[in-house]
Amino acid sequence: MRQVTTHNSRIAWRRFDCSKSPLHLEATLRTGQSFRWCRDANGVWWGTIESVGVALWQPDGEPYGDLYWQTFPEPDLWEVVEDYLQLRTDLESLYCRWSFAEPRLAEVFRAFAGLRVLRQPPEECLFAFLCATTNTVTKIERSVRYLAERYGARICTGLDKPATLFAFPSVSALSAADERDLRAGLWGYRAPFVIKTAQKLLQKPQGWLRALRDVPYAEAHEALLEFPGVGPKVADCVCLFALDKWEAVPVDRHIYRLGVRLFLPHFEGRSLTPRLYKAVAEAFRERFGPMAGWAQQTLFYAEAGLYRRPDKESSRQRRF
DNA sequence: GATGGACCTCC
DNA sequence: GAGGTCCAT
């Protein structure tokens, strides 16, 4: 029997068997797709999905082991958790396909088995990535947390730990935010993006953003470009992480470097222009197919060195 | 189309 | 410089 009681005995944990559907919880929550998950001293991840508070725990390094979970204040909302973590998506056949298409990367895909693309609430995802430009993951996390704690509603867990969870603010709350306040709250020059994007969103029909899940990728991508502070990369992040566009490939400097090095060596040394952005994204889609965005996410994790390797080698050392 | 600079702030 | 975007040449 595992140490189920040691990580937090006061939580009425539920258990999900990942043996047929791997989940690498730490990599999934720390790949820079979502920025509000916090890990407490017991190793429990705390976060929110819409207005639901969530606790997650998994033994380290066991993506095929058990996932422990619970929701707050209403308990046992498995559908919410399963949907967010996309646990019904079969990864094993994907790894086979990707490794066949690109044998040089087979080892990487296996090393990070269970790293999943999340299915996030679209609004939170859009606003979070508005602050991702020229920024660091740590600072993005603090910026998004600031928005939630300043403008969001408190979620009650009924436990004394964690101290507090906050739902992501409503669009109308953000549209009325004070620019100086946001600037001071780590948003800097991105502050007006938040307010203007919120105001623009308010003018759309109810549920407009979420409804982009049902339109083709190209259409959703183009629609997102209307918003101030949203360029091709941010639009692709929202498409992939919140709008079910699994062929979307966000090309940041890391993915660009990797893509040019492995797939388009004749572009080596050239800067990332819109044309080359598209070329790299297309190269991913040609190799990895309609779920190229999932492959991109694993390769981003490896290339950006976000993970801590068990040995003492530098996390930046490349293995491919 | 491609290139250059500005933009908040923290490490 | 950091997981870009915008505006000017």
Side-chain angles (χ1 to χ4, degrees), chain A residues 27-37 112 115 117-118 120 124-147 150 177-198 200 221-242 245 248-261 264 266-282 284 292-307 314-316 318:
Chain A
T28 299
L29 297 183
R30 310 186 78 197
T31 329
Q33 344 177 28
S34 169
F35 300 98
R36 292 211 296 139
W37 289 92
F112 302 114
L115 194 167
V117 165
L118 297 170
Q120 300 182 50
E124 172 167 349
C125 187
L126 172 59
F127 285 101
F129 279 97
L130 277 182
C131 87
T133 65
T134 331
N135 217 338
T136 59
V137 172
T138 320
K139 195 153 152 272
I140 298 168
E141 286 170 350
R142 287 196 298 178
S143 304
V144 180
R145 199 164 303 141
Y146 178 86
L147 280 192
R150 178 81 176 74
D178 178 41
E179 182 178 326
R180 286 163 311 186
D181 187 40
L182 289 181
R183 280 184 179 271
L186 292 173
W187 282 77
Y189 67 89
R190 309 171 189 87
F193 295 163
V194 174
I195 297 165
K196 285 181 192 151
T197 289
K200 212 162 173 161
H221 191 263
E222 185 164 353
L224 291 169
L225 293 178
E226 286 179 33
F227 296 94
V230 177
K233 193 273 186 175
V234 169
D236 272 327
C237 287
V238 180
C239 280
L240 177 61
F241 302 138
K245 306 299 180 268
V249 178
V251 180
D252 63 3
R253 58 168 70 259
H254 300 295
I255 287 298
Y256 183 66
R257 184 177 57 211
L258 178 147
V260 166
R261 185 172 80 235
L264 304 165
H266 51 292
F267 285 145
E268 199 87 54
R270 294 183 49 185
S271 58
L272 207 179
T273 61
R275 194 169 140 262
L276 293 196
Y277 182 105
K278 196 153 187 203
V280 169
E282 281 300 332
F284 268 78
W294 286 61
Q296 174 275 154
Q297 198 57 19
T298 297
L299 297 176
F300 172 77
Y301 193 61
E303 180 76 7
L306 291 175
Y307 59 97
S314 158
S315 64
R316 297 211 165 267
R318 284 194 197 108

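Just the heavy atoms: all of them, side chains too, but no hydrogens, waters or symmetry mates, feed the values below. Residue numbers start from 1 in every chain, and the chains themselves are labelled A, B, ... in the order their sequence lines are given, proteins ahead of strands. All values derive from a computational prediction rather than experimental measurement.
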With a 6.0 Å cut-off on ring centres, are A:F129 and A:F35 close enough? yes

Reading nucleotides 2-11 of chain B 5' to 3', which nucleotides get B (base under 4.0 Å from a protein heavy atom), which S (sugar-phosphate only), which -? SS---BBBS-

Rounded distance in Å - CD1 (A:I255) to P (C:dG4): 12 Å

Distances for protein N/O vs nucleotides 7-9 of chain C N/O pairs under 3.5 angstrom?
none

Could you tell me how far apart A:Y277 (OH) and C:dG4 (P) are, to the nearest whole angstrom? 11 Å

Measure distances between side-chain N and O atoms of A:K233 and base N and O atoms of C:dG4, and say whether any donor-acceptor pair falls under 3.5 Å. no

Minimum side-chain heavy-atom gap A:E226-A:K200 below 4.5 Å: yes

Could you check whether A:G229 gets within reach of a base, just the sugar-phosphate, or nothing at all, counting any heavy atom under 4.0 Å? sugar-phosphate

Considering only heavy atoms from C-beta outward, does the side chain of A:F267 approach that of A:L276 to under 4.5 Å? yes

Between A:F227 and A:F129, which is nearer to the 5' end of DNA chain C once each is assigned its nearest nucleotide? A:F129

Earlier contact from the 5' end, DNA chain C, for A:Q33 and A:L225: A:Q33

For a 4.5 angstrom cut-off between non-hydrogen side-chain atoms, does A:T28 reach A:Q33? yes

Without decimals, in angstroms, what is the distance between A:L258 CG and C:dG3 P? 15 Å

What nucleic acid atoms does A:P232 come within less than 4.0 Å of, heavy atoms only: base, sugar-phosphate, or nothing? sugar-phosphate

At 4.0 Å (heavy atoms only), tell me whether A:T31 reaches a base, stays on the sugar-phosphate, or touches nothing. base

Rounded to whole angstrom units, what separation is found between the OH atom of A:Y256 and the P atom of C:dG4? 13 Å

Atom CD of A:E222 with >12 non-hydrogen neighbours under 6.0 angstrom: no

When the P atoms of B:dG5 and C:dG1 are compared, how many Å lie between them, rounded to an integer? 14 Å

For a quick check of understanding: with a heavy-atom distance under 4.0 Å over all strands, which category does A:F300 fall into, base, sugar-phosphate or nothing? base

Describe the nucleic acid contact of A:V230 in one word from base, sugar-phosphate, nothing, applying a heavy-atom distance below 4.0 Å. sugar-phosphate

Would you mind reporting whether A:L258 and A:F284 have side-chain heavy atoms less than 4.5 Å apart? yes

Enumerate donor-acceptor pairs with a distance under 3.5 Å from any side-chain N or O in residues 228-237 of chain A to protein atoms, sequence neighbours excluded.
| residue | atom | partner | partner atom | Å |
| --- | --- | --- | --- | --- |
| A:D236 | OD1 | A:Y217 | OH | 2.5 |
| A:D236 | OD2 | A:Y277 | OH | 2.6 |

Mind checking the P distance from B:dC8 to C:dA8? Whole angstroms is fine. 16 Å

Using the salt bridge (Lys or Arg N to Asp or Glu O under 4.0 Å) criterion, which residues pair with A:R36? Sequence neighbours excluded. A:E124

Starting at CG of A:D252 and ending at P of C:dG1, how long is that distance when rounded to a whole Å? 18 Å

Count the heavy atoms of every other residue, nucleotide or ligand shown that sit under 6.0 Å from NZ of A:K139, and state whether that count exceeds 12. yes

Has A:W187 got a side-chain atom pairing as donor or acceptor with A:S143's backbone, closer than 3.5 angstrom? yes

Integer-rounded Å distance: C:dG3 P and A:F35 CZ: 10 Å

Atom-to-atom span, CG of A:L272 to P of C:dT5 - whole angstrom: 10 Å

Chi angles and distances behind the side-chain contact (heavy atoms from CB on, under 4.5 Å) call for A:L264, A:V280: CA-CA 8 Å; A:L264 304 165; A:V280 169; 3.9 Å; yes

Ring pair (Phe, Tyr, Trp, His ring centres under 6.0 Å) with A:W294: which residues, sequence neighbours excluded? A:W246

Base-pair map of DNA chain C as dot-bracket, where | denotes pairing with a different strand and pairs are Watson-Crick or G-U under 3.5 Å: ||.||||||

For the side chain of A:Q296 and the backbone of A:G293, is there at least one donor-acceptor N/O pair under 3.5 Å apart? yes

Rounded to the Å, how far apart are A:Q296 CD and C:dG3 P? 14 Å

